[in-house]
Amino acid sequence: MADADLVALADRLQAADANELALELLGALHPGHTRAQLAAVPVDRRDAQLLRWRRATFGDRMEATSSCPACAERIEYTLSVQALLAGADDVDADDDALAGIGRTLELPFGELPGPPCRLRHPSSQDVGEALRVASADTAASADEAIDAGVQALLLRCLAGSLQPDHDPRRLADAFGRALAEAAPLADPQVALQCPACGMQWDEALDIARFLRADIDAAALRLLHEVHALALAYHWSERDILALPAARRRFYLGCL
């Protein structure tokens with residue numbers, strides 16, 4: 001990606017919400033596809049592509065921080081993109097962005113009464129609709145909103161209709177377990193332990209937010225270079241960003 005395009009992308013990402021953020025990033029990676037096409041890509045397939053892009057552009061090591069939910073101790077930890085990709089499909093980021101749309105999984109026999117259930121891997125569109133349902137009833141409690149969102153996601157992904165003997169809550173739990181095993185990047189979690197109080201918990205990992213932080217940092221470095229060179233040489237931002245990185249470093253070294 002050209003430096004000017006990276007700065008422009010960083011600007012666009014500022015206004016994106018959590019679900020739109022991942023789609024905006026995937027659109028930058030695959031500009032030849034429409035937003036509707038990319039929204040149908042399974043979220044695990046989407047995030048695998050974003051991780052491969054992140055590794056190719058910024059490297060394998062990811063630095064992260066968290067706070068202990070028990071004592072609020074600040075925790076720093078490191079992740080490896082390669083490790084996160086261990087359970088992902090063996091598909092490169094340059095391959096067809098739309099591969100995997102409509103992919104389904106079957107719940108293991110005995111998980112639920114009745115005939116086996118098949119469910120489609122959730123997409124960004126499915127997640128966006130579930131979030132909309134969860135936030136629609138402003139009078140609902142947090143637990144009620146979560147239940148409403150989970151059921152909306154379940155019904156969107158269910159291949160067929162809900163059977164009379166299927167308890168939606170049990171079905172959602174079984175779906176979550178099967179999806180975590182078949183596609184870990186559908187809902188990536190990192191196991192953490194507080195060094196101060198010893199509490200252990202699993203924390204959700206938002207791949208798109210990590211990538212946005214990297215892009216923001218890279219864009220900020222570029223803008224600092226633009227500022228320094230524009231002050232010294234009175235060149236425009238467009239002309240400075242069009243220079244090869246090595247040439248910019250040379251001119252900066254002359255200041």
Side-chain angles (χ1 to χ4, degrees), residues 13 16-22 25 42-48 50-52 54-55 58-88 105 107-108 111-112 119 121-122 124 126-128 130-135 137-154 157 167-217:
L13 297 180
D17 62 24
N19 200 44
E20 286 298 311
L21 174 60
L25 288 165
V43 293
D44 58 296
R45 180 76 168 78
R46 177 201 71 194
D47 283 359
L50 296 183
L51 279 171
R52 291 187 175 96
R54 197 272 176 198
R55 182 177 59 185
F58 300 108
D60 182 74
R61 185 183 177 92
M62 298 170 61
E63 304 287 346
T65 60
S66 183
S67 296
C68 175
C71 69
E73 176 78 7
R74 178 181 170 86
I75 299 169
E76 298 180 353
Y77 60 97
T78 302
L79 298 170
S80 163
V81 174
Q82 182 64 38
L84 292 172
L85 286 170
L105 59 85
L107 298 186
E111 278 275 7
L112 296 167
L119 298 108
H121 286 225
S124 297
D126 298 323
V127 173
L131 291 173
R132 186 194 66 78
V133 170
S135 60
D137 186 358
T138 56
S141 67
D143 288 342
E144 290 171 338
I146 291 173
D147 285 344
V150 168
Q151 290 204 29
L153 183 64
L154 178 67
C157 296
D167 175 12
R169 187 181 292 274
R170 286 187 61 194
L171 182 55
D173 290 343
F175 182 30
R177 289 192 297 272
L179 190 61
E181 182 175 346
L185 286 178
D187 184 22
Q189 304 280 326
V190 56
L192 297 177
Q193 181 172 7
C194 178
C197 71
M199 180 175 180
Q200 299 178 352
W201 74 99
D202 291 335
E203 184 157 292
L205 190 61
D206 190 333
I207 305 301
R209 288 184 63 185
F210 268 98
L211 186 51
R212 177 171 65 180
D214 292 324
I215 290 171
D216 285 344

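FYI, the numbering just counts along the sequence from 1.
To the nearest 0.5 angstrom, L21 atom CG is 10.5 Å from S124 atom OG. Rounded to the nearest 0.5 angstrom, L25 CG and E20 CD are separated by 11.0 Å. From R52, atom CZ reaches atom CG of L84 across 11.5 Å, with rounding to the nearest 0.5 Å. A distance of 10.0 Å separates CG in D187 from CG in D47, rounded to the nearest 0.5 Å. A distance of 10.5 Å separates CZ in R61 from CZ in R54, rounded to the nearest 0.5 Å.
The two atoms that bring I75 and P195 nearest to each other are CG1-CD, 4.0 Å, heavy atoms only. Contact record, A172 with V150: CB-CG1, 3.5 Å, taken as the closest heavy-atom pair. Annotation for Q193 and G198: closest pair NE2-O, 3.5 Å, computed over non-hydrogen atoms. Minimum heavy-atom separation, L119 to F175: CB-CE1, 3.6 Å. The shortest non-hydrogen separation linking E144 to S141 is OE1-N, 2.9 Å. D60 and S80 get closest at one heavy-atom pair: OD2-OG, 2.8 Å.
E181 CD: 12 or fewer foreign heavy atoms inside a 6.0 Å radius.
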Pair L51, M62 - check side-chain contact (heavy atoms from CB on, under 4.5 Å), show working.
CA-CA 10 Å; L51 279 171; M62 298 170 61; 4.3 Å; yes

Enumerate donor-acceptor pairs with a distance under 3.5 Å from any side-chain N or O in residues 204-213 to protein atoms, sequence neighbours excluded.
unit_1, atom_1, unit_2, atom_2, d
D206, OD1, A208, N, 3.2
D206, OD1, R209, N, 3.2
R212, NH1, L13, O, 3.1

Distance-only check: which donor-acceptor pairs under 3.5 Å involve side-chain atoms of residues 65-72, not counting sequence neighbours?
unit_1, atom_1, unit_2, atom_2, d
S66, OG, E203, OE1, 2.6
S66, OG, E203, OE2, 3.0

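When the options L153, L131, V43 are evaluated for a side-chain contact (heavy atoms from CB on, under 4.5 Å) with D126, the one that passes is L153.
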